Amino acid sequence: MRSLKHFCSLLAVAVIASVTVGQPTQAADEAANLIKYRQTTMKAIGAHMGAMAAVAKGEVSFTDEVAGHAHAINALSKNLLRLFPKDSGKEAGETRALPAIWEKWSDFEAAVQKLSDESAKMAQVAEGGDVAAIGQQLGAVGKNGCGGCHETFRAKQD
Ligand code: HEC
């Protein structure tokens with residue numbers, strides 16, 4: 001019994017030690033990893049848009065899934081700003097994020113807010129289940145949400 005207790009306390013110490021050792025990598029996300037994560041997140045947002053577009057075009061009938069995709073984009077938009085810390089532009093790796101992001105930060109914040117607003121509205125419209133209305137709002141998300149930001153803050157593909 002005593003040795004079991006001893007073993008348990010040793011185990012606890014080991015767990016605490018490993019958590020402590022793990023911390024430095026959590027504190028500062030390496031720029032290259034952050035950029036990759038940012039691009040993966042954008043691709044995920046793009047995939048949600050693609051899924052909603054398939055419904056809007058009538059390719060599939062899953063109208064009741066549109067709100068889920070819209071909510072997912074909305075949730076990701078809430079944390080989008082922290083994926084663009086200073087010094088995560090070209091100087092940090094392969095990225096299409098333009099210097100304009102940090103030069104016009106308040107405009108960039110507004111572009112993120114636009115995506116938040118339009119995706120929230122998308123979720124609301126989706127609840128109605130009207131495919132034409134879904135298509136119309138999807139266009140607004142694409143134009144004002146995605147396009148509004150990409151136009152100014154994302155480098156054209158080379
Ligand atoms: C507030 C600005 C902003 C908004 C809003 C935004 N994007 Fe982006 N997006 C960017 C930036 C900047 C990049 C380039 C990121 C990089 O290369 O590090 C990007 C990259 C991408 C990429 C390419 C990812 C890759 O493979 O490298 C896709 C796809 C994408 N966005 C889709 C979307 C869609 C779809 C929406 C709207 C639902 C959207 N984005 C909204 C700024 C934005």
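Everything numeric in this text was worked out from a predicted model, so none of it was measured. Note that ligands are numbered from 1 as they come in the structure, with each ligand's atoms numbered from 1 the same way. Index from 1, following the sequence.
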Fill in the blank from the handout: Contacts of Leu83 meeting side-chain contact (heavy atoms from CB on, under 4.5 Å) (sequence neighbours excluded), chain-then-number -> Tyr37, Arg38, Thr41, Leu80
Exercise for the section: Quick one: list whatever passes side-chain contact (heavy atoms from CB on, under 4.5 Å) with Ala75, sequence neighbours left out. Expected result: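 Partners of Ala75 under the side-chain contact (heavy atoms from CB on, under 4.5 Å) test: none.
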Problem - Pairs where residues 112-121 contributes a residue and the test side-chain hydrogen bond (donor to acceptor under 3.5 Å, both in side chains) is met, not counting sequence neighbours - result: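 Listed once each, the pairs are Asn74-Ser119, Ser77-Ser116, Gln113-Asp117, Glu118-Gln137, Glu118-Asn144.
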Could you tell me which non-hydrogen atom of [X] sits nearest to which non-hydrogen atom of [Y], and how far apart they are?
{"X": "Arg82", "Y": "Pro85", "value": "O-CD, 3.6 Å"}
{"X": "Ala126", "Y": "Ala67", "value": "CB-N, 3.6 Å"}
{"X": "Met52", "Y": "Ala70", "value": "SD-N, 3.9 Å"}

Give the residue and atom name of whichever protein heavy atom lies nearest to [atom], and the separation in Å to one decimal.
{"atom": "atom 24 (C) of ligand 1", "result": "Gln39 O, 3.7 Å"}
{"atom": "atom 5 (C) of ligand 1", "result": "Gly145 O, 3.3 Å"}
{"atom": "atom 25 (C) of ligand 1", "result": "Lys43 CE, 3.7 Å"}
{"atom": "atom 18 (O) of ligand 1", "result": "Thr95 OG1, 2.6 Å"}

Which of the atoms of ligand 1 are close to [X], meaning less than 4.0 Å from one of its heavy atoms?
{"X": "Leu115", "value": "5 (C), 37 (C), 38 (C)"}
{"X": "Met49", "value": "35 (C), 38 (C)"}
{"X": "Phe153", "value": "12 (C)"}
{"X": "Phe84", "value": "12 (C)"}

Handout entry: Interatomic distance, Leu34 atom CG to Asp29 atom CG [nearest 0.5 angstrom]
Key =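 Going from CG on Leu34 over to CG on Asp29, the span is 6.0 Å.
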Practice task
Measure the spacing between NE2 of His71 and CD of Gln124 and express it to the nearest 0.5 Å.
Solution key: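 Going from the NE2 atom of His71 to the CD atom of Gln124 covers 9.0 Å.
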Practice task
Could you state whether Val60 and Val131 fall into the same hydrophobic cluster, counting links through intermediate Ile, Leu, Val, Met, Phe, Trp or Tyr residues with side-chain heavy atoms under 4.5 angstrom apart?
Solution key: no
Please work out whether any backbone atom (N, CA, C, O) or any side-chain heavy atom from C-beta onward of [X] is under 4.0 Å from ligand 1, and answer side chain, backbone, both or neither.
{"X": "Arg38", "result": "side chain"}
{"X": "Arg96", "result": "both"}
{"X": "Val112", "result": "both"}

Exercise for the section: Assess whether side-chain contact (heavy atoms from CB on, under 4.5 Å) is satisfied between Glu94 and Ile35, documenting all intermediate values. Expected result: CA-CA 8 Å; Glu94 287 261 333; Ile35 289 170; 5.8 Å; no
Exercise for the section: May I ask you to check whether Glu94 has an N/O atom sitting below 3.5 Å from an N/O atom of ligand 1? Expected result: no
Handout entry: Worked check of side-chain contact (heavy atoms from CB on, under 4.5 Å) between Thr152 and Lys104
Key = CA-CA 10 Å; Thr152 314; Lys104 298 191 250 173; 3.9 Å; yes
Practice task
Using the side-chain contact (heavy atoms from CB on, under 4.5 Å) rule, take Asp107 and Phe153 through it: C-alpha gap first, then chi angles, then the decisive distance, then the call.
Solution key: CA-CA 10 Å; Asp107 290 357; Phe153 298 110; 3.9 Å; yes
Exercise for the section: Only protein N/O/S atoms count here: give how many lie under 2.8 Å from atom 8 (Fe) of ligand 1. Expected result: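 Number of qualifying protein atoms: 2.
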